[in-house]
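What follows is a set of notes on a single structure, which appears directly below.
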Amino acid sequence: QKEVEQDPGPLSVPEGAIVSLNCTYSNSAFQYFMWYRQYSRKGPELLMYTYSSGNKEDGRFTAQVDKSSKYISLFIRDSQPSDSATYLCAMSAPRGSTLGRLYFGRGTQLTVWP
Amino acid sequence: GAGVSQSPSNKVTEKGKDVELRCDPISGHTALYWYRQSLGQGLEFLIYFQGNSAPDKSGLPSDRFSAERTGGSVSTLTIQRTQQEDSAVYLCASSLAGEADTQYFGPGTRLTVL
């Protein structure tokens, strides 16, 4: 079993739709949860960062963490064609722990059509 | 300021040849990470450097892969006797010490082995 599971899609939605992207994980040591966005032929860029359970909102994006279920989500409201990209979830253990790196999901390819 | 840079951006080589990929991290970032991203796959961790500590090489797929980091800054990933299955995008990231949760990625090197 991989440390982090993510449905690779592809996911195709019309402009204006609400998009839900999800990941599950198995290691309870993970404390930091990130979503990266990767446009075609570019490196990933950090989109959202959360610590502990709960919701975090930034504009049209909401990141949700449920540590009891080991489940994280990213919601995109009013999706735009410019949101078309691959979205990767990532997580890490507390700073200073021996698990000194990020663990990534496979990424979900999203297309928002006009 | 300058981000993470990688060179070359594209590399085409013949099976059996050796290749070197270079990464220049963000100035002041003591942690450096190498990942591989194959078509349709997520980020596969390869190796992680943190300051003067012994690198975490747990992700290197075979002994044909090696990496070094000179002077705590620039890193070189070397693949010996390349195989077609080595074709992928090789991504480098850097972060401040102990802050694996906040990594900044370079644009990647696209390696094609013919």
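In what follows, chains are A, B, ... by sequence order, proteins preceding strands, each numbered from 1. This one's a predicted model, so the numbers in the text were calculated from it and none came from an experiment.
Around atom CZ of A:R41, no more than 12 heavy atoms belonging to other residues, nucleotides or ligands sit under 6.0 Å away. For B:E14, the CD atom counts as loosely surrounded, since its 6.0 Å shell holds 12 or fewer non-hydrogen atoms of other residues, nucleotides or ligands. When the shell of 6.0 Å around CZ of A:F75 is examined, it contains more than 12 heavy atoms from other residues, nucleotides or ligands. More than 12 heavy atoms of other shown residues, nucleotides or ligands fall within 6.0 angstrom of atom CD in B:E44.
Hydrophobic cluster membership differs between B:I47 and B:L43, with clusters built from Ile, Leu, Val, Met, Phe, Trp and Tyr side chains linked at under 4.5 angstrom. Following chains of ILVMFWY side-chain contacts shorter than 4.5 Å, one can reach A:L11 starting from A:L74, so the two form part of one hydrophobic cluster. A:L47 and A:V19 fall within a single hydrophobic cluster, where Ile, Leu, Val, Met, Phe, Trp and Tyr side chains are chained together by heavy-atom contacts under 4.5 Å. Both B:F105 and A:L46 are part of a single hydrophobic cluster, where members link through side-chain heavy atoms under 4.5 Å apart. Hydrophobic clustering (ILVMFWY, side-chain heavy atoms < 4.5 Å, transitive): B:I79 and B:L60 are in one cluster.
Atom OG1 of B:T102 and atom CE of A:M34 lie 7.0 Å apart (nearest 0.5 Å). With rounding to the nearest 0.5 Å, the separation of NZ in A:K42 from CG in B:L91 is 12.5 Å. Expressed to the nearest 0.5 Å, how far CD of B:Q37 lies from CD of A:Q38 amounts to 4.0 Å.
Within residues 106-114 of chain B, the residues that have a heavy atom under 4.5 Å from a heavy atom of chain A are B:G106, B:P107, B:R110, listed by number.
With a 4.5 angstrom heavy-atom cutoff, A:Y36 touches chain B only via side-chain atoms.
Residues A:L102 and B:Y35 form a side-chain contact, since some pair of their non-hydrogen atoms from C-beta on lies under 4.5 Å apart.
A centroid separation of 6.0 Å or more is found between the aromatic rings of B:F45 and A:F104.
Taking both residues in full, the closest heavy atoms of A:L88 and B:G42 are given as CD2-CA, 4.4 Å, listed atom of the first, atom of the second, then distance.
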